[in-house]
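Keep in mind that the numbers below use all heavy atoms, side chains included, and drop hydrogens, waters and symmetry copies. Chain naming here is simple, since letters A, B, ... match the order of the sequence lines and numbering starts at 1 in each.
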Amino acid sequence: MILATWNVNSLNVRLPHVVDWLKTNEPDVLAIQETKLMDAKFPRDAFSDLGYNVEFYGEKTYNGVAIVSKHPINSVSRGLALQGTPQQCRLIEAEVNGIHIMNVYIPNGQEVGSEKYLYKLNWLDHLFHHFNENHANTTPIALLGDFNIAPGDDDVYDPLETRGSIMVSDVERASLERFREWGLSDSFRELVKESGQYSWWDYRMAAFRRNLGYRIDHIWVTDPIKSSLKRAWIDKAPRKLERPSDHAPVLIEFV
DNA sequence: ATGGTTGTAAAACAA
């Protein structure tokens, strides 16, 4: 079974890339973030024409998530309610092949200490409580998506230059570590130990060409999946295309 | 510290 995650930064613009990529890679499940599409405008047919089912949760201009799957998508649930703030479309979850798929677009946070940063930490708190209340770490769960956090110093191009900044700060990392303590493992790091492996490169400063990246897109899994992991990789090919997303797909294979 | 780029959508804002 192959699970994948990809922040496409506008499904409208990226649909040709996504369709080509699905044809080439044929994952069982693809979790998409930043569709930036209202549900009424979601290109469902583009996926069904390829033999994929799709469930989505979107809004105008920002955010938006979708689960694409060869298999039936059951028990779909959308959203994460935070008191006092309007809902943003950042979470969609479902059962696929006996696996609980949780597709997240964790807030970027903009700058450490900003209002958006506090929202990011608050959102992570709510996500963690949602885990504690609704799930057991003995069941097959994949938490995947754009986490907007580089878990370790090997996951960023320059740990000294970026130290303490957004996606790297100790507080963000500590918030994410709770999920590890709860029973999730970073599947990529279970299998790949090298540094310099990134999933996001800023559009600016020729960051991709210079490999000035961050590994912020993740597939974190519980032990039933971890114990059968075969492969984990980042597919940089779509990042090299004309008009690419700033993120590359991340994949795992397990039996 | 600022700026560099892309997407949305029509001037900023988010990333």
Side-chain angles (χ1 to χ4, degrees), chain A residues 5-21 31-43 46 56-66 79-80 82 85-92 103-124 127 144-151 155-158 160-169 171-173 175-176 198-218 234 236-250:
Chain A
T5 178
W6 191 7
N7 179 323
V8 299
N9 186 20
S10 169
L11 187 56
N12 218 11
V13 172
R14 229 64 65 194
L15 187 59
H17 289 189
V18 174
V19 167
D20 286 349
W21 190 85
I32 297 176
Q33 304 85 38
E34 281 206 272
T35 59
K36 300 186 176 180
L37 282 174
M38 289 186 294
D39 289 348
K41 299 200 170 179
F42 195 94
F56 39 84
Y57 180 47
E59 62 188 290
K60 194 171 148 72
T61 309
Y62 302 118
N63 310 313
V65 285
L80 188 69
L82 272 67
T85 56
Q87 177 85 255
Q88 299 182 1
C89 298
R90 296 180 177 276
L91 170 66
I92 184 168
N103 177 14
V104 291
Y105 175 44
I106 293 174
N108 170 281
Q110 199 162 57
E111 191 180 349
V112 171
S114 68
E115 201 170 310
K116 290 193 172 63
Y117 177 76
L118 297 177
Y119 182 81
K120 179 180 197 172
L121 296 177
N122 194 226
W123 201 90
L124 281 160
L127 183 68
L144 76 174
D146 178 358
F147 287 26
N148 270 315
I149 299 175
D155 301 316
V156 61
Y157 69 95
D158 188 336
L160 290 179
E161 183 173 311
T162 58
R163 187 166 64 184
S165 65
I166 198 68
M167 301 190 285
V168 178
S169 73
V171 174
E172 290 168 81
R173 284 176 169 173
S175 186
L176 183 57
Y198 309 127
S199 66
W200 176 78
W201 302 260
D202 201 304
Y203 284 124
R204 298 165 288 188
M205 308 293 286
F208 182 65
R209 184 176 57 73
R210 301 158 66 198
N211 200 27
L212 304 180
Y214 294 68
R215 194 173 68 87
I216 57 173
D217 299 272
H218 304 291
I234 298 167
K236 287 163 77 169
R239 190 63 177 77
K240 300 171 183 170
L241 300 172
E242 287 292 314
R243 256 192 127 181
S245 167
D246 42 356
H247 296 252
V250 178

side-chain hydrogen bond (donor to acceptor under 3.5 Å, both in side chains) assessment of Asn211(A) paired with Trp201(A): CA-CA 7 Å; Asn211(A) 200 27; Trp201(A) 302 260; 2.9 Å; yes
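Shown here are the ring pair (Phe, Tyr, Trp, His ring centres under 6.0 Å) partners of Tyr62(A), two or more places apart in sequence or in another chain: there are none.
Both Tyr105(A) and Arg243(A) lie near DNA chain B, and the one whose nearest nucleotide falls closer to the 5' end is Arg243(A). Mapping Arg204(A) and Lys36(A) onto DNA chain B by nearest heavy atom places Arg204(A) closer to the 5' end of the strand.
For the residue pair Asn12(A) and Lys41(A), no side-chain donor N or O sits within less than 3.5 Å of a side-chain acceptor on the partner.
Think of the region where chain A sits on DNA chain B: with heavy atoms and a 4.0 Å cut, that region ends 5' and 3' at dG3(B) to dA15(B).
Comparing the P positions of dG3(B) and dA12(B) gives an interatomic distance of 16 Å, to the nearest angstrom. Across dT6(B) and dT2(B), the matching P atoms stand 23 Å from one another, rounded to whole Å. Taking atom P on both dA1(B) and dT5(B), the two are 22 Å apart, rounded to the nearest angstrom. Between the P atoms of dA9(B) and dA15(B), the separation comes to 15 Å (whole Å).
Using a 4.0 Å heavy-atom cutoff across all strands shown, Arg90(A) reaches sugar-phosphate atoms only and no base atom.
If you run side-chain hydrogen bond (donor to acceptor under 3.5 Å, both in side chains) between Gln33(A) and each of Asn7(A), Asn9(A), Asn103(A), only Asn103(A) comes through.
Contact between Met167(A) and Glu172(A) at its shortest, heavy atoms only, is N-OE1, 3.0 Å.
Because its NZ or CZ atom is both nearer than 6.0 Å to the ring centre of Tyr105(A) and within 45° of the ring axis, Arg90(A) counts as a cation-pi partner of that residue.
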